[in-house]
Amino acid sequence: MKVLLKPFLPAYRGIVWLANSPGTLILAYAMLIVVCGVLYHFFEKEESIGDAIWWAIVTASTVGYGDISPETWQARVLAGLLISIMVLLVIPLITAHFASKLIVDSDAFHHEEQEELKANLRHVRALLEALAEREGITLPDSAAPPAAPSDR
């Protein structure tokens with residue numbers, strides 16, 4: 001199965017790269033609109049470049065006013081690809097990016113704080129072990145056998 005998915009790995013990495021940067025995501029969206037508009041203008045000879053870009057925007061947003069619709073099979077395939085890319089990739093990536101920004105936990109510890117807490121816990125553990133040894137108490141997770149009860 002891994003062998004079958006290997007050719008798609010660069011595309012997956014590209015999608016992850018796009019998803020992690022809002023600037024590149026917006027740039028990719030704009031480029032998709034322009035490229036599809038130019039291709040539509042090429043396939044549908046009677047449409048102006050402005051109308052072709054308008055068609056791409058309306059089609060990508062899945063509004064589909066119907067004022068401009070493809071006549072040639074190439075333009076219809078282009079429309080299907082544009083709608084599929086928008087619905088299956090671009091819109092979910094934009095939604096996921098904004099959702100991830102809303103979910104960020106402001107109370108979460110930063111790396112430095114976590115390292116400080118770990119160091120403090122190691123220090124407390126060492127103090128506890130020293131105190132337990134002085135009092136003759138075996139700690140629960142210690143490998144030493146239990147001490148004899150004291151005469152107190």
Side-chain angles (χ1 to χ4, degrees), residues 1-132 137-144:
M1 184 68 173
K2 215 174 197 181
V3 174
L4 294 174
L5 296 175
K6 194 166 188 156
F8 299 103
L9 190 59
Y12 172 76
R13 288 187 180 141
I15 290 169
V16 169
W17 177 74
L18 277 175
N20 288 327
S21 171
T24 56
L25 189 57
I26 291 170
L27 179 65
Y29 170 72
M31 286 176 32
L32 180 68
I33 295 297
V34 170
V35 167
C36 286
V38 169
L39 286 172
Y40 187 82
H41 173 68
F42 176 73
F43 295 143
E44 300 283 325
K45 304 287 187 205
E46 65 273 355
E47 297 294 341
S48 69
I49 191 71
D51 285 342
I53 297 288
W54 174 248
W55 169 86
I57 292 169
V58 169
T59 302
S61 66
T62 67
V63 172
Y65 293 128
D67 54 347
I68 304 171
S69 57
E71 298 293 326
T72 63
W73 70 269
Q74 297 97 332
R76 289 180 180 177
V77 168
L78 179 66
L81 286 173
L82 178 58
I83 291 169
S84 298
I85 289 170
M86 288 302 297
V87 170
L88 298 174
L89 282 176
V90 178
I91 293 171
L93 288 177
I94 292 170
T95 305
H97 179 77
F98 285 117
S100 71
K101 295 300 178 192
L102 292 174
I103 295 173
V104 172
D105 185 6
S106 60
D107 294 329
F109 289 109
H110 297 286
H111 178 71
E112 297 81 20
E113 293 171 319
Q114 289 177 347
E115 292 303 314
E116 182 182 350
L117 284 171
K118 284 194 246 178
N120 287 343
L121 282 174
R122 282 191 286 271
H123 182 68
V124 167
R125 177 70 185 190
L127 290 173
L128 180 63
E129 286 174 352
L131 180 63
I137 301 170
T138 303
L139 296 176
D141 60 342
S142 175

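- Taking the ring centre of Phe42 as origin, the terminal cationic atom of Lys45 falls inside the region bounded by 6.0 Å and 45° from the ring axis.
- In this structure, the separation between CG on Leu88 and CG on Leu93 is 10.5 Å, given to the nearest 0.5 Å.
- A 4.5 Å side-chain heavy-atom check between Trp55 and Glu47 finds every atom pair outside the cut-off.
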Ile94 and Tyr29: CA distance, side-chain angles, deciding distance, side-chain contact (heavy atoms from CB on, under 4.5 Å) verdict: CA-CA 10 Å; Ile94 292 170; Tyr29 170 72; 5.6 Å; no
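- The minimum heavy-atom distance between Pro70 and Ala75, with the atom names listed, is CB-CB, 3.5 Å.
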Trace of the side-chain contact (heavy atoms from CB on, under 4.5 Å) decision for Leu32 with Ile85: CA-CA 9 Å; Leu32 180 68; Ile85 289 170; 3.8 Å; yes
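- A distance of 11.5 Å separates CD of Glu113 from CD of Glu115, quoted to the nearest 0.5 Å.
- Distance alone, capped at 3.5 Å, places no donor-acceptor pair between the Glu71 side chain and the Glu44 backbone.
- The OG1 atom of Thr24 lies 10.5 Å from the CE atom of Met31; values are rounded to the nearest 0.5 Å.
- Within a 6.0 Å sphere centred on NZ of Lys6, heavy atoms belonging to other residues, nucleotides or ligands number 12 at most.
- Rounding to the nearest 0.5 angstrom, the gap separating the CD1 atom in Ile137 from the CD atom in Glu129 is 13.0 Å.
- Residues Ala56 and Leu82 come closest through the heavy atom pair O-CD2, 3.6 Å.
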Step by step, would you call Tyr40 with Thr59 a side-chain contact (heavy atoms from CB on, under 4.5 Å)? CA-CA 11 Å; Tyr40 187 82; Thr59 302; over 6 Å; no
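- From Ile57, atom CD1 reaches atom SG of Cys36 across 11.5 Å, with rounding to the nearest 0.5 Å.
- One distance of note links CD1 of Ile83 with CG of Leu78; it measures 9.5 Å at 0.5 Å rounding.
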